[in-house]
Every structure is written in C-alpha cells, then in structure tokens.
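When a ligand or atom number is given, it counts from 1 through the structure's own listing order.
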Amino acid sequence: MPVWKSRFKDRDVTDRSVWMNRRTLMAGTAGLLAGAPALASRHAIPNPGYSTDEPPTRFEDITSYNNFYEFGTGKDDPARYASALTTDPWSIEIAGECANPGTHALEDILKGKTIEERIYRFRCVEAWSMVIPWFGFQLSALLDQVVPTSKARYVAFETLYRPEEMIGQRSRTIPWPYVEGLRMDEAMHPLTLMATGIYEEKMPNQNGAPIRLVVPWKYGFKSIKSIVKITLTEEQPPATWNILQPDEYGFYANVNPEVDHPRWSQASHRVVGSGLFARREPTLMLNGYADEVGPLYAGMDLRKNF
Ligand SMILES: Nc1nc2c(c(=O)[nH]1)N[C@H]1C(S)=C(S)[C@@H](COP(=O)(O)O)O[C@H]1N2
Ligand SMILES: [Mo]
C-alpha cells in the first residue's frame, strides 16, 4: 500500500463523511438540472487507487489561499482579482515534436477523455500543503492522441498572457507568460493530471481555470495554471522559477525533505486550514508518492537535480 494512503487512517472522519454526503446529494440533484455545465464533476469517476485517504482541505481554503502571480503576488490576490478572467471560449495549441499538432477547443479536448476524481496532496515550495479533490484527465491521454515523435523528450507548457484581464501581468514581477516543463516520462506518468475542477465545481479561476496541470510529487510551482499551449520538445524547456532563481528552484522540483531550499527547511510543512495553531507535518520523499514515481529518478543525484 502506498505510504500516503496508510498515514491518515481514522482521522477527521467527520469532515470526510460530511463531504461525501454533500457529493452524494450533488450527484442526486445533478441529473435534474438541464444543461448542467460540461465540466460538472458528475462525470468524474472517483479513482481511489490514485487518491490519498487524508481529509481534504476545505473548498474555502483551497480557493482563498493561492499562488497565481498573473493576479498579484499576495495569497489573497487571486481570489480577489481572478473573476476578471474569461475562460470560455478556451483553446489549447499543441505544437512541436508530434504527428498531430494543432489548436483545439477545450470541449473537443475533453471529448472521449475519462474524467476522474483524484484526491492529491499538494505541497508548495514555501512549505505549506493542502489536500485537494481534483477532477480531470490524465495528461498521457492527450499526449497519446497527438502522437509524440521519437525526438520528443520534454513537454513545455505555457499560461495565457492577457494583461487586460490578468492584473498582475501589468507589472513585470516575473517574465510573462508563465512557463513550465516536464520530462516526457513524468508527463506520461498516470499520476500527472490535467485538472478541470475541484470538489464538485468546475475549476475556480484562482486555481487555474479552465484547465491546469497537477503533478502531485513536485512542488506546486510546476503545476502551471490556465494553460493555452503545450509543446513537445527535444531540449529541456525553460521553466519560470528555474530561470529566475536557478539556485532556489530546480527544473525537477521534486518534493524532497532531504534537500532544503537555500532559505528554509523542506523537512516539514504547515497544513493549510488546520486552525490558529497550524499543524506541521513531516514532508515525505516525493510527497508520499515515492513508490509510484521513485523509479523515474533511479540513478539520478537528487541533490544536484533538485
Ligand atoms: N500560471 C501560473 N501557474 C502557477 C503559479 C503562477 O503564479 N502562475 N503559481 C504556482 C505555485 S507557486 C503554486 S504553489 C500553485 C498554487 O496552486 P493553487 O493556487 O491552486 O493552490 O500554482 C502554481 N501554478
Ligand atoms: Mo508554490
């Protein structure tokens, strides 16, 4: 049994049953609502095999404590300003080393994809964490469709650049657009999710609407939001924080309690939403997903490739 499943048995059972009840209720009423949004989670199939048993963070906390520099650098800026973003229509351009490049409407990308609900622990490099019930599809399903060429070794991602709606982009806090990248085997790993919602809601704007990446064994900054472009590349693509401060933020950014950030420890984290005297917990290697993704890094020096 994966480490992350066994740690939290019998804790906060009430929280979880309240949520499960809410979800059952929602599922019951959803059928009555004509024209429910295409992204509604009633299509999401729970995947307990890829879910933690930890009690999920409250929806209110997940949506009010965010990092999304396109809307400002404060944790409460995204909740305050992200409603200005229009997310419909939305399309994603797929380019680079693949047989089927092209630009596709989000509805078309979602067609035929299995939408799953997966509860992942999410660990920010700033040493806080949340447990988030995402729904979405495996990135591998999309990559399989575009058929990567034999030269495709990495996948690059790009966020929308639209300063009229993204107030943070009117300042040069970081270079725009935000970009990130994964190695092909990381991108193809079944844990790597393209998320379109949280709990029963389609993705809140502040969390990266309408579609964002979620890579649960890496620090949060790898999980790029509001994606408009995906490029398959031969060379390692640029990644925003890695370009800005390569000594602090590696390209891999794998959660690793043994490799500290130069300015603070990564051995533990604060659990967001755990009250006035915030609970701290030890951080696990690869955020608890070591059994699943450890083999991707066999033979690599994780102190050098941090
Ligand atoms: N486009 C974009 N994506 C981004 C960021 C950002 O500033 N811009 N911040 C990253 C960081 S540092 C974290 S911790 C997570 C936060 O995701 P959440 O707000 O859904 O918890 O988003 C990541 N993705
Ligand atoms: Mo982060």
For the aromatic rings, using the six-membered ring if either is Trp, is the centroid distance between Y249 and F221 under 6.0 Å?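 Yes; F221 has its ring centre under 6.0 Å from that of Y249.
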Any chance the rings of Y219 and W241 have centres within less than 6.0 Å?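 Judged by ring-centre distance (under 6.0 Å), Y219 and W241 do not meet the cut-off.
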For [atom], grab the closest protein heavy atom and report residue, atom and distance to one decimal in Å.
| atom | value |
| --- | --- |
| atom 8 (N) of ligand 1 | E70 OE1, 2.8 Å |
| atom 7 (O) of ligand 1 | Y69 N, 2.8 Å |
| atom 9 (N) of ligand 1 | N67 O, 3.2 Å |
| atom 3 (N) of ligand 1 | K225 N, 3.1 Å |

What's the verdict on side-chain contact (heavy atoms from CB on, under 4.5 Å) for F68 and M166, showing C-alpha distance, side-chain angles and the deciding distance? CA-CA 10 Å; F68 199 170; M166 299 173 123; 4.1 Å; yes
Taking F251's backbone N and O only, do any of them form a donor-acceptor pair with K222's side chain (distance below 3.5 Å, no angle check)?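 Flag set: sc K222 to bb F251 pair under 3.5 Å.
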Would you say R212 touches ligand 1, if touching means a heavy atom closer than 4.0 Å?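 Yes, R212 has a heavy atom closer than 4.0 Å to ligand 1.
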Does [X], backbone or side chain, put an N or O under 3.5 Å from an N or O of ligand 1?
| X | result |
| --- | --- |
| N207 | yes |
| W128 | no |
| W241 | no |

Determine whether the side chains of R121 and T52 contain a donor N or O and an acceptor N or O closer than 3.5 Å.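 No, because no side-chain N or O of R121 sits under 3.5 Å from a partner of the opposite role on T52.
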Check whether the side chains of N66 and K75 place a donor and an acceptor atom closer than 3.5 Å, and report yes or no.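 Result is no, nothing qualifies.
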Test of understanding: given a 4.0 Å heavy-atom threshold, classify the contact between [X] and ligand 1 as side chain, backbone, both, or neither.
| X | value |
| --- | --- |
| M130 | neither |
| F122 | side chain |
| Y178 | side chain |

Salt bridge between E180 and K218, side-chain N to carboxylate O under 4.0 Å?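 K218 and E180: not salt-bridged.
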Show your working on side-chain contact (heavy atoms from CB on, under 4.5 Å) between M184 and Y154 and close with a plain yes or no. CA-CA 5 Å; M184 186 56 83; Y154 294 90; over 6 Å; no
Which of the numbered atoms in ligand 1 are below 4.0 angstrom from a heavy atom of [X]?
| X | result |
| --- | --- |
| T159 | 1 (N) |
| S223 | 22 (O), 23 (C), 24 (N) |
| C124 | 14 (S) |

Please report the shortest heavy-atom distance between L284 and V255, naming the atom on each side.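 Shortest heavy-atom contact: O-CG1, 3.8 Å.
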